*Asks:* 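I have a structure here, written as structure tokens, and I will follow up with some questions on it.
Protein chains get the first letters and strands the later ones, always in sequence-line order, with residue 1 at the start of each. From a predicted model like this one, the values you see are computed outputs, not experimental measurements.
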Protein chains: 2
Amino acid sequence: MIHSVDADIDSHRIAARISQAIHEHRLAPGTKLSEEEVAGTFDVSRTIVRAALQRLAHDRLVELKRNRGAYVAQPTVREAREVFEARALLEPRTARSAAERAGPADIALLRRHIDEEHAAMHDDDAGRALYLSGLFHIEIARIADQATIAAFISQLIARSSLIIALYWERRRALCESHSHHALLAAFEQKDGARAEELMTSHLVDLLASLDLRRPPAGARSLKEALALSTGRLR
Amino acid sequence: MIHSVDADIDSHRIAARISQAIHEHRLAPGTKLSEEEVAGTFDVSRTIVRAALQRLAHDRLVELKRNRGAYVAQPTVREAREVFEARALLEPRTARSAAERAGPADIALLRRHIDEEHAAMHDDDAGRALYLSGLFHIEIARIADQATIAAFISQLIARSSLIIALYWERRRALCESHSHHALLAAFEQKDGARAEELMTSHLVDLLASLDLRRPPAGARSLKEALALSTGRLR
DNA sequence: TGGGACAAGATTGTATCCAATTCTGTCGGT
DNA sequence: ACCGACAGAATTGGATACAATCTTGTCCCA
């Protein structure tokens, strides 16, 4: 599962931790990631942190502004559409082939993911639920045994997490577990065609649950966040 | 075209140069990229080079071996299949939407690419022809106006270049320009469906022109290269 | 002659240092 | 009171120095 990467061990670990924090919505889009602060948190030198931030920047999870530091990315509306466009090309066919290949162990694993997702939901830990929901998709790519595509999907799902943080319409119920259950059923029956359809509509639903009209909803800088939350200033 | 990246300017430039060299088959798979050597070549410090190599490693163009340096990647047979699998998911639909969106300027640009490709071919500069042939695909993704997908395709094409270096069967004529001409015709007629079909079969042809049975054809290390080229060792 | 141990050299990994740029707060002018 | 200029502080960018690891060559012994 964890294929030991021969590249920078620590920077990999730090990038993974930050990535997970973003995924769980514990780091909001726009948050500044000061090199020294991160270095202090993980007790390494800035050199390592810089490598980690570069890696995250390459995955579009953070944006590096020259001489100004690293910030958790804030996908634009356009980027949001592009991410879901890419997912629409990759995930349905991948789900199909995963459904056709899935063995009992794979299905058990997926079921465990869904259960954990439920548990997190019940604990009102929406962040963790979102993270697990992402893992579900990544797991499917892994089952399809396509590491290259899985890497792409991982990146897209991480970015989706940011998009959800910015654009999710609270009004609409997201209710991912329903779609995931349906997908699991298709997997159990090795019904690739149905898995492909379900994944397609799942992605459509997800996109539909976003409000991609004008405004990037979330707090992007502390200043702006306060300005917005307190109504007009003064 | 060149949207000024706010991240490391020099490291971006160096990564691009190395990437192009790989693309043009001027750097063979397995070649070691010594930090100091690269640093000397571009007259910068190792710091910059390390950033560039990390970037290339993220794109799977080089492999970073801990404490042992950076080497031009040598995709396995499995990776080769995966890359073309991913291309098969992304490129046809992208070609379709590009064909439907392409304006006269886009078509002129594509035609210029094909012409340059011909010229390179005529000059017997197979490396440059291959590079331009890759640019043709990337240009299509750009026309489709999907930056995210375009980035994925760019990476896949770069890796394809390595795959071709390792697995291309010289016997079979590659004759990319023929396929590219046909695609261009579909673009001129704004025939998205046809463009999608043509791209699919183009990719199938490309994959078919490779010899993905056992052996990774190219020279991977100097030692092994000599061992192979001189027959049995003394 | 072949193989293993050891030492010197070379290369990468990380930390630290200094320069360059940006940010912040203050001052002075209008 | 508002705006711009300027100085100091803080932060990032890049180079260098040192430590850790690997490679290479030699020597000794079986």
Side-chain angles (χ1 to χ4, degrees), chain A residues 4-18 27 30-58 61-73 219-227 232-234, chain B residues 4-18 27 30-58 61-73 219-227 232-234:
Chain A
S4 84
V5 184
D6 42 19
D8 328 22
I9 296 299
D10 276 348
S11 101
H12 187 279
R13 193 183 103 248
I14 292 173
R17 291 283 296 275
I18 293 177
L27 274 175
T31 305
K32 171 155 188 178
L33 300 174
S34 154
E35 293 184 355
E36 197 150 8
E37 186 186 342
V38 177
T41 303
F42 291 97
D43 197 43
V44 293
S45 89
R46 280 175 48 214
T47 307
I48 310 288
V49 174
R50 287 181 63 81
L53 292 177
Q54 272 188 330
R55 181 183 307 229
L56 292 167
H58 198 180
L61 282 180
V62 314
E63 190 179 355
L64 294 176
K65 305 188 182 182
R66 178 155 187 100
N67 285 320
R68 300 190 51 195
Y71 297 80
V72 178
R220 60 225 103 270
S221 86
L222 196 51
K223 244 181 312 181
E224 288 181 27
L226 292 176
R232 68 178 62 77
L233 295 178
R234 245 335 301 273
Chain B
S4 84
V5 184
D6 43 20
D8 329 20
I9 297 297
D10 276 348
S11 99
H12 186 282
R13 193 183 102 247
I14 292 174
R17 291 283 296 273
I18 294 178
L27 275 175
T31 305
K32 170 156 191 180
L33 299 174
S34 155
E35 293 185 354
E36 198 151 7
E37 184 185 343
V38 177
T41 303
F42 292 98
D43 197 42
V44 293
S45 89
R46 280 176 47 214
T47 307
I48 309 288
V49 174
R50 285 182 67 80
L53 291 177
Q54 271 187 329
R55 181 182 308 230
L56 292 167
H58 196 275
L61 281 180
V62 314
E63 191 179 354
L64 260 41
K65 306 189 181 181
R66 178 155 185 102
N67 285 319
R68 299 191 52 195
Y71 297 80
V72 178
R220 60 226 105 270
S221 85
L222 197 50
K223 244 181 312 181
E224 288 181 29
L226 291 177
R232 68 178 61 77
L233 296 176
R234 225 339 294 286

*Asks:* What is the distance, rounded to the nearest whole Å, between atom CZ of A:Arg13 and atom C1' of C:dG13?
*Replies:* 16 Å
*Asks:* What is the distance from NZ of A:Lys65 to C1' of D:dG13, rounded to the nearest Å?
*Replies:* 18 Å
*Asks:* In residues 37-49 of chain A, which residues come under 4.0 Å of DNA chain D by heavy atom?
*Replies:* A:Arg46
*Asks:* Could you note down all residue pairs passing salt bridge (charged side-chain N to carboxylate O under 4.0 Å, His left out) where residues 30-41 of chain B supplies at least one of them, sequence neighbours left out?
*Replies:* B:Glu35-B:Arg46, B:Glu35-B:Arg50
*Asks:* Output the rounded distance in Å from CG (B:Leu64) to P (C:dT12).
*Replies:* 10 Å
*Asks:* Quick one: closest heavy-atom pair of B:Ala52 and B:Ile14, and the distance?
*Replies:* CB-CG2, 3.9 Å
*Asks:* Between the protein and nucleotides 19-23 of chain C, which nitrogen or oxygen pairs come in under 3.5 angstrom?
*Replies:*
| unit_1 | atom_1 | unit_2 | atom_2 | d |
| --- | --- | --- | --- | --- |
| C:dT21 | O3' | A:Asn67 | ND2 | 3.4 |
| C:dC23 | OP1 | A:Arg68 | NE | 2.6 |
| C:dC23 | OP1 | A:Arg68 | NH2 | 3.1 |

*Asks:* Is there a side-chain contact between A:Ile18 and A:Leu61 in this structure, where contact means two heavy atoms from C-beta onward sitting under 4.5 Å apart?
*Replies:* no
*Asks:* Rounded to the nearest angstrom, tell me the gap between atom CD in A:Glu36 and atom C1' in C:dA15.
*Replies:* 13 Å
*Asks:* To the nearest 0.5 Å, tell me how far B:Phe42 CZ sits from B:Arg13 CZ.
*Replies:* 6.5 Å
*Asks:* Can you tell me how far the CG atom of A:Asn67 sits from the CG atom of A:Leu64, to the nearest 0.5 Å?
*Replies:* 11.5 Å
*Asks:* Figure out the NZ/P separation between B:Lys32 and D:dC22, and round it to whole Å.
*Replies:* 12 Å
*Asks:* How far does CG of A:Leu56 sit from CG of A:Leu33, to the nearest 0.5 angstrom?
*Replies:* 8.0 Å
*Asks:* What are the two closest non-hydrogen atoms of A:Ala51 and A:Ser11, and how far apart are they?
*Replies:* CB-CB, 3.9 Å
*Asks:* In this structure, how many angstroms lie between the P atom of D:dT12 and the CD atom of A:Gln54, rounded?
*Replies:* 14 Å
*Asks:* Which whole-number value in Å describes the distance from B:Glu35 CD to D:dC22 P?
*Replies:* 15 Å
*Asks:* Look up atom CG in B:Asp43 and atom CG in B:Asp10, then write down how far apart they are to the nearest 0.5 Å.
*Replies:* 10.0 Å
